[in-house]
Amino acid sequence: MNNILHHLSWDLIGVFVAVAETGSLSAAAQRLNQSQPTIGRQVKAIEAELGVSLFYRHQRGLGLTQDGEVLLPHAKAMQAAAAQFLIHAEERKQSGFAGPVRVTASQTISTYVMPKLIAAFRERTPEIQIDLVSSDAPQNLLFQEADIAVRMFRPTQLDVVAKKIGEARLSLFASRAFIERVGMPKTQKELFALDWIGYDQSDLILRGMKEAGFAVNRDFFSIRCDDQVAYWEMVRAGCGIGFGQVGISRDDPDLIALDLEFPLPTLPVWLASPHTLNQIPRIKLLFDFLAEHLPKLLQLAASRP
């Protein structure tokens, strides 16, 4: 046993947990920012090192074997212990405000909102370096994949400081060039007759429209794309009608909001940070700065009770 522990890499523990939690090599690869073949080789390596089979294949991906189910809680405990080790090491080398802070946000927020905030923050505190992780995949805060996360859902991880800073309002948008070409719709029937931009693999828009009482399918959308930034740029380019955040769109003179009593939800906006890291001065400083200024830039509505 001691020989196994001597050779077993901490990285392999993280790979085992990621594959177990996501249920597939591809999803784990995306979470860990590695290639799928690399994750596959690492799974084989940990199984060979331990001498047990951890996963079995099924139609939807990978499931845990009985051995895998027994070992997973221990692997998570080891992962959490490693994270705490790194966190406390970071605290020990802490000196004033100098040093890096790693922030993760969605591609849309990272592209259209964070650059302005980072420029303003760095003007105040140039000694703090900022790493921006632009990703729509949730980062594991407790394993130091990020110090601060901007999320459109309530964080569920334990030992995380989470603060809801408001709710982002959504609207339907089209470019002025598009409206000049097809005419301004005056009824929902005219609106639905125009070209719409939807998602490709994601069913998020389809589910949202169904909840709003519009049972459309994938073929309803003339153009489809899952990349949030590319999606929004297609709306701006005049490819069709699309959904967007009011706060991001309000200063764009080339866009028009279409208000035809189309019921739209709001998106909750949360800031999250590991509890221990949030006590580090530079991380808390940026956390508080984002909590103050993000609602203004995003024109967030007050949080619901």
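Taking every heavy atom of both residues into account, P268 and K164 meet most closely at CB-CE, 3.9 Å. In terms of heavy atoms, C239 sits closest to D195 at O-CB, 3.9 Å. Between V229 and Q107, the closest heavy-atom pair is CG2-O, 3.6 Å. Contact between G247 and Q299 at its shortest, heavy atoms only, is CA-CB, 4.0 Å. Closest approach of V19 to L62, counting heavy atoms only: CG1-CD1, 3.8 Å. When all heavy atoms of S249 and L255 are compared, the closest pair comes out as CB-CD1, 4.2 Å.
Between the CD1 atom of I13 and the CD atom of Q42 there is a distance of 11.5 Å, given to the nearest 0.5 Å. Here D136 contributes atom CG and M152 contributes atom CE; the two are 9.5 Å apart, rounded to the nearest 0.5 Å. To the nearest 0.5 Å, the span separating CD on Q228 from OG on S110 amounts to 11.0 Å. Atom CE of M114 is separated from atom OG1 of T104 by 9.5 Å, given to the nearest 0.5 angstrom. The OG atom of S24 sits 7.0 Å away from the CD atom of Q36 when rounded to the nearest 0.5 Å. The CD1 atom of I148 sits 4.0 Å away from the CG atom of L286 when rounded to the nearest 0.5 Å.
In this structure, L264 and R169 have side chains that are not in contact, with every pair of non-hydrogen atoms separated by 4.5 Å or more. Contact annotation: the side chain of L271 approaches that of V150 to within less than 4.5 Å [non-hydrogen atoms, C-beta and beyond]. Residues L298 and I248 meet the side-chain proximity criterion, which asks for heavy atoms closer than 4.5 Å. With contacts defined as side-chain heavy-atom distances shorter than 4.5 Å, the pair V101/Q129 does not qualify. Contact of the M234 side chain with the C225 side chain is registered, since non-hydrogen atoms from C-beta on lie closer than 4.5 Å. For the pair Q245 and I109, the minimum side-chain heavy-atom distance is below 4.5 Å. In this structure, the side chains of S106 and T111 stay at 4.5 Å or more apart for every pair of heavy atoms. With a 4.5 Å cut-off on side-chain heavy atoms, R282 and I130 do not count as touching.
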E49 vs L12, test: side chain to side chain contact (heavy atoms under 4.5 Å, CB included). Steps then yes/no.
CA-CA 10 Å; E49 195 68 52; L12 294 182; 5.6 Å; no
L50 and L71: side chain to side chain contact (heavy atoms under 4.5 Å, CB included), yes or no, with the steps?
CA-CA 11 Å; L50 295 174; L71 292 174; 4.2 Å; yes
Apply side chain to side chain contact (heavy atoms under 4.5 Å, CB included) to F55 and F16, showing your working.
CA-CA 9 Å; F55 300 99; F16 169 46; 3.5 Å; yes
Criterion side chain to side chain contact (heavy atoms under 4.5 Å, CB included) on L277 and I280, from CA distance to verdict
CA-CA 5 Å; L277 285 183; I280 297 175; 3.6 Å; yes
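Residue V70 is not grouped with residue M78 when hydrophobic side chains (ILVMFWY) are merged at heavy-atom distances under 4.5 angstrom, including chains of intermediate members. Under the 4.5 Å side-chain contact rule for hydrophobic residues, Y56 and L72 do not share a cluster. Both V17 and V52 are part of a single hydrophobic cluster, where members link through side-chain heavy atoms under 4.5 Å apart. F153 and V113 fall into different hydrophobic clusters, where Ile, Leu, Val, Met, Phe, Trp and Tyr side chains are chained together by heavy-atom contacts under 4.5 Å.
Within a 6.0 Å sphere centred on CG of N33, other residues, nucleotides and ligands contribute 12 heavy atoms or fewer. By the neighbour-count criterion of 12 heavy atoms within 6.0 Å, atom CZ of R181 is densely surrounded, having more than that number from other residues, nucleotides or ligands. For N217, the CG atom is densely surrounded, since the number of other residues' heavy atoms within 6.0 Å is greater than 12. Under a cut-off of 6.0 angstrom, the local environment of CD in Q188 is crowded, with over 12 non-hydrogen atoms contributed by other residues, nucleotides or ligands.
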Validation: residues 116-127 side-chain donor-acceptor distances under 3.5 Å, sequence neighbours left out:
unit_1, atom_1, unit_2, atom_2, d
R122, NH1, P126, O, 2.4
R122, NH1, I128, O, 2.9
T125, OG1, F121, O, 3.0

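Checking side-chain atoms of Q30 against main-chain N and O of S26 turns up no donor-acceptor pair under 3.5 Å. Under a 3.5 Å cut-off, the side chain of S175 and the backbone N or O of A237 do not form any donor-acceptor pair. A donor-acceptor pair under 3.5 Å links the side-chain atoms of S273 to the main chain of D147, judged by distance alone. Of the possible donor and acceptor atoms, one in the side chain of T65 sits under 3.5 Å from a partner among the backbone N and O of L54. Side-chain N or O atoms of W196 include one that pairs as donor or acceptor with a backbone N or O of L191 at under 3.5 Å. Judged purely by atom type and a 3.5 angstrom limit, R154 has no side-chain atom pairing as donor or acceptor with the backbone of W270. The backbone N or O of L206 sits nowhere less than 3.5 Å from a side-chain atom of Y199 that would complete a donor-acceptor pair.
For the ring-ring contact (aromatic ring centres under 6.0 Å, His included) with F173, the lone residue among F178, W232, Y231, F243 that qualifies is W232.
In this structure, F220 and F192 have tilted ring planes: the angle between them lies in the 30° to 60° band.
Residue pairs satisfying the salt bridge (Lys or Arg N to Asp or Glu O under 4.0 Å) criterion with at least one member in residues 224-240, sequence neighbours excluded, are listed as follows: E233-R236, R236-D252. Residue pairs meeting the salt bridge (Lys or Arg N to Asp or Glu O under 4.0 Å) criterion with at least one member in residues 209-221, sequence neighbours excluded: D200-R218.
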